[in-house]
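Nothing here was measured: the structure is a model prediction, and the numbers come from that model. Lettering of chains follows the sequences in order, A, B, ..., and the numbering in each one begins at 1.
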There are 2 protein chains.
Amino acid sequence: MPTKRQAMILAEIVRIYNETGQPVGSKTLMNQLPIHVSSATIRNEMAVLEDDGLITKNHTSSGRVPSTAGYRYYLDNLVQPTAVPQPVFDKIAQNFNHDYREIDEIVKQAATILSSLTNYTAISLGPENAQVTLTGFRVIPLGSDQIIAILATSAGTVESRVYRITGQLDTDDLEKAVRIINDQLVGLPINQVKTKLVTEIPRLLSQYLHSATGFLDLFGDVLKRAAAQHYYIGGRSNLLNFAQPDELDQLKSIYQLLDKENVLPSLLDLDQTASTDEIKQPPMTDHRILGPISVRLGDEFNNSLLSDYGLITAKYHVGQHGDGMIAILGPTSMPYSQLIGLMQLFSDELVKKLFEYYGYFHTDDS
Amino acid sequence: MPTKRQAMILAEIVRIYNETGQPVGSKTLMNQLPIHVSSATIRNEMAVLEDDGLITKNHTSSGRVPSTAGYRYYLDNLVQPTAVPQPVFDKIAQNFNHDYREIDEIVKQAATILSSLTNYTAISLGPENAQVTLTGFRVIPLGSDQIIAILATSAGTVESRVYRITGQLDTDDLEKAVRIINDQLVGLPINQVKTKLVTEIPRLLSQYLHSATGFLDLFGDVLKRAAAQHYYIGGRSNLLNFAQPDELDQLKSIYQLLDKENVLPSLLDLDQTASTDEIKQPPMTDHRILGPISVRLGDEFNNSLLSDYGLITAKYHVGQHGDGMIAILGPTSMPYSQLIGLMQLFSDELVKKLFEYYGYFHTDDS
DNA sequence: TGTTAGCACTCATAACAATCAAGTGCTAAA
DNA sequence: TTTAGCACTTGATTGTTATGAGTGCTAACA
């Protein structure tokens, strides 16, 4: 446990290292610290901090750099969120000042704004709710051999997709099947819909239809799309801002990681399995700081590729419409105090915008 | 104009430089060339090639590297497409061996395969046809204040989107408007639909509806989406394979260029204006080689960012369904002979796959 | 006239030593 | 407990030298 003065020095090292990007020496600290002690005293304190594993040096005679453990301690105990400057606030308000027709537009825009404000890579996850129910399913024939399937949920999302009918299903059968789906499944949470889809529904359908498999595939497909987590990544190219030129290979792997579908939710501990199954093991080191915002650093990921990266996540809550998340991916060394302040404000603004959207229509009946 | 032997030397320089990435010296050439001349002779020939601007050297005593003009000459006169090896062919066939439900799936998959085969960034543009006509438009109410608008074209694409009705339009008016659209516009090419939409249609609608603007916006929006060029970029991260570590800034700009919507078609000289307006100026240096494949190099782009890049494009033709394009973006120095051979084969396979898709349904009525 | 051997020259690159500056650890005194 | 002082370490910078790949040119040759 560092003393108060040691903690102050640690915080100052974090601050200066973040500003300059250079290791911090005892002299620099002496000039910057509010207390007046000599550089030798600071050196002694730094030796203790280093013994505690909170700071390291690149070589025997270099300044000190916060270690991952040092950042961890800083984030858990020392960081103070900074107020967001007015121009930034204005920029957020301005960029969010559109009428959105889809939730996904808002979510996507959130990632874009957040990345452009921070110059890091931003990730946004739309609001999700385990209580989302199926509110309707329709199939409309288009021409002779195509149909469009439309599925609506209580979250206000509508998923539509075109399918080609290969002749196994005629129009009467389709209508019957759709009626069965609506009678049996509307009003149920998506999870229950999924389970019923493999238990009761096939039996029911086969009583009325010749061949139900084609239809089940189709419905299952639209359902999967409607229930899929929607996330967006903004400012991918910002990873290049702080990448080490000699680590291009690693960078490439990270890009591929980001592009790989559905890897992200697992990275964020929002693994899909959590919604259907019990949570098998507690999430990894989940150091809570300042309400819904948490930070994951380097070795706390279960992916060694990210050992030099940090991820700031903020969960947000949109009333009965569920929870979502926004995140910033950057180097381990980020201006956390500013970013955490920004994330607090930004998630509030996002929630407002989402409520505004949901406010237009009634989620209960529809 | 280089002599035959000079051309042979140029081709060999291109080949060796591509394999090794190193400047090519006279001795190396002496050993590799099929003709038996001394290195001094080759030096003399190289001096001529350098005077012609076809090769350059990094410093006074280094080997030679093809200049952009050298590549240009090579591509226009010397390159010989290589046959695609069987394993590569198998991989294409294997990766294309799915049933696709949408054209866009095929187009996207094409970019993915092409990038993974070449380790460069691949771009695919779906088939487009100026003769595509509107085949139908529908509006289906969902609940009390949402509708889904569905627009189908003769190209087989179906565009659907959800809109929120703000109360200006009641159901009767909507039905009327949809009927007018179908009566007046179905069967017309998209371009004509667009022009009529701002000329006759508003008058017609206003005769029957109280306020037509909301509906017109809606229809115009879906139409725009349906008529938009669909392209996909695969293997973005491959740009990192050959990027110079000291040019990360440039790389970042290129990533942003790729992410910027609709910049790509203009890059490919398929600017959208070309389809509606007359082509105002002839496309830039469009050196045709080997049928529908052409290559654009460095300074031939109207973007200085790409001065070190090359773009191999192949136009493909899917019968009456229109033309599309696939492209590979890589460094100026690429194994052109192999890549051109690959592009020829690959675009054929893509066309096959697209015909297979279109074959399922009849484009004339539907 | 085209080709070749030979040679001086150029330049990038690597290896090596010398120097410098930043910063540390430790000791002894206050 | 704090501080001044000092020896020591290390990375970065600079200058020097050697090496090697490759060129351009000249003169001899077919």
Side-chain angles (χ1 to χ4, degrees), chain A residues 1-10 12-67 70 244-246, chain B residues 1-10 12-67 70 244-246:
Chain A
M1 282 295 96
T3 67
K4 204 159 182 178
R5 190 167 68 182
Q6 284 157 9
M8 178 192 285
I9 290 175
L10 174 60
E12 198 64 13
I13 291 176
V14 167
R15 190 184 68 79
I16 298 175
Y17 179 59
N18 197 276
E19 273 181 15
T20 65
Q22 297 298 318
V24 185
S26 52
K27 259 189 196 169
T28 317
L29 281 169
M30 183 180 65
N31 296 327
Q32 299 281 332
L33 279 174
I35 55 175
H36 285 283
V37 287
S38 76
S39 62
T41 307
I42 295 173
R43 279 203 289 283
N44 289 333
E45 297 286 49
M46 287 203 286
V48 179
L49 285 171
E50 187 167 10
D51 283 347
D52 290 353
L54 299 180
I55 56 180
T56 52
K57 43 188 172 183
N58 296 326
H59 52 90
T60 43
S61 74
S62 76
R64 306 305 216 288
V65 164
S67 68
Q244 303 300 322
D246 55 336
Chain B
M1 282 293 95
T3 66
K4 204 159 182 178
R5 190 168 66 181
Q6 284 158 9
M8 178 190 283
I9 291 175
L10 174 59
E12 198 64 12
I13 291 176
V14 167
R15 191 184 69 78
I16 298 175
Y17 179 59
N18 198 276
E19 272 182 16
T20 65
Q22 298 298 319
V24 186
S26 53
K27 259 190 194 166
T28 317
L29 280 169
M30 183 180 63
N31 296 328
Q32 299 282 332
L33 279 174
I35 55 174
H36 284 285
V37 288
S38 76
S39 63
T41 307
I42 294 174
R43 279 203 290 283
N44 289 333
E45 298 287 47
M46 287 203 287
V48 178
L49 284 172
E50 189 168 9
D51 284 345
D52 291 352
L54 299 180
I55 57 180
T56 51
K57 43 187 172 183
N58 296 326
H59 52 88
T60 42
S61 74
S62 76
R64 303 308 216 289
V65 165
S67 68
Q244 303 300 323
D246 56 336

Which of residues 44-60 of chain B sit near DNA chain C, with a heavy atom under 4.0 Å from it?
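Contacting residues: N44(B), H59(B), T60(B).
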When the distance from [atom1] of [X] to [atom2] of [N] is rounded to whole Å, what number comes out?
X      : N       : atom1 : atom2 : value
Q6(A)  : dT2(D)  : CD    : P     : 11 Å
M30(A) : dG23(C) : CE    : C1'   : 13 Å
I13(A) : dT24(C) : CD1   : C1'   : 13 Å
I42(B) : dG2(C)  : CD1   : P     : 17 Å
R64(B) : dA12(C) : CZ    : P     : 15 Å
L29(B) : dG22(D) : CG    : P     : 10 Å
N31(B) : dG22(D) : CG    : P     : 11 Å
I16(B) : dA21(D) : CD1   : C1'   : 15 Å

Distances under 3.5 Å between protein N/O atoms and the N/O atoms of nucleotides 13-18 of chain D, please, pair by pair.
none

With salt bridge (Lys or Arg N to Asp or Glu O under 4.0 Å) as the rule and sequence neighbours excluded, what pairs involving residues 25-37 of chain A come up?
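Not a single pair qualifies under salt bridge (Lys or Arg N to Asp or Glu O under 4.0 Å).
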Reckon S62(B) has a side-chain N or O less than 4.0 Å from the OP1 or OP2 of dT10(C)?
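So the side-chain polar atoms of S62(B) never come under 4.0 Å of the phosphate oxygens OP1 or OP2 of dT10(C).
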Value rounded to 0.5 Å, distance of [atom1] in [X] from [atom2] in [Y]:
X      : Y      : atom1 : atom2 : result
I35(B) : I9(B)  : CD1   : CD1   : 6.0 Å
M46(B) : L10(B) : CE    : CG    : 11.5 Å
S39(B) : M30(B) : OG    : CE    : 5.0 Å

For nucleotides 4-8 of chain D, which of its nitrogen or oxygen atoms have a protein nitrogen or oxygen under 3.5 Å away, and what is each distance?
{"unit_1": "dG5(D)", "atom_1": "O6", "unit_2": "R43(A)", "atom_2": "NH2", "d": "3.2"}

Please list every donor-acceptor pair under 3.5 Å in which a side-chain atom of residues 48-58 of chain B meets a protein atom from a residue at least two apart or in another chain.
{"unit_1": "E50(B)", "atom_1": "OE1", "unit_2": "R64(B)", "atom_2": "NE", "d": "3.1"}
{"unit_1": "E50(B)", "atom_1": "OE1", "unit_2": "R64(B)", "atom_2": "NH2", "d": "2.8"}

If we check side-chain contact (heavy atoms from CB on, under 4.5 Å) with R5(B), which of these qualifies: L33(B), V37(B), I42(B)?
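The residue from L33(B), V37(B), I42(B) that satisfies side-chain contact (heavy atoms from CB on, under 4.5 Å) with R5(B) turns out to be V37(B).
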More than 12 heavy atoms of other residues, nucleotides or ligands under 6.0 Å from NE2 of H59(A): is that the case?
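Counting other residues, nucleotides and ligands, NE2 of H59(A) exceeds 12 neighbours.
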Work out which heavy atom in Q6(B) is nearest to a heavy atom in P2(B); give both atom names and the distance.
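Q6(B) and P2(B) have their closest heavy atoms at OE1-CA, 3.2 Å.
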Donor-acceptor contacts, no H, no angles, side chain residues 13-26 of chain B, under 3.5 Å, sequence neighbours left out:
{"unit_1": "R15(B)", "atom_1": "NE", "unit_2": "E12(B)", "atom_2": "OE2", "d": "3.2"}
{"unit_1": "R15(B)", "atom_1": "NH1", "unit_2": "E19(B)", "atom_2": "OE2", "d": "3.0"}
{"unit_1": "R15(B)", "atom_1": "NH2", "unit_2": "E12(B)", "atom_2": "OE2", "d": "2.7"}
{"unit_1": "R15(B)", "atom_1": "NH2", "unit_2": "Q32(B)", "atom_2": "OE1", "d": "3.2"}
{"unit_1": "N18(B)", "atom_1": "ND2", "unit_2": "S333(B)", "atom_2": "OG", "d": "3.2"}
{"unit_1": "N18(B)", "atom_1": "ND2", "unit_2": "M334(B)", "atom_2": "O", "d": "2.9"}
{"unit_1": "T20(B)", "atom_1": "OG1", "unit_2": "I16(B)", "atom_2": "O", "d": "3.0"}
{"unit_1": "T20(B)", "atom_1": "OG1", "unit_2": "Q22(B)", "atom_2": "N", "d": "3.0"}
{"unit_1": "T20(B)", "atom_1": "OG1", "unit_2": "Q22(B)", "atom_2": "O", "d": "3.4"}
{"unit_1": "S26(B)", "atom_1": "OG", "unit_2": "R43(B)", "atom_2": "NH1", "d": "3.3"}

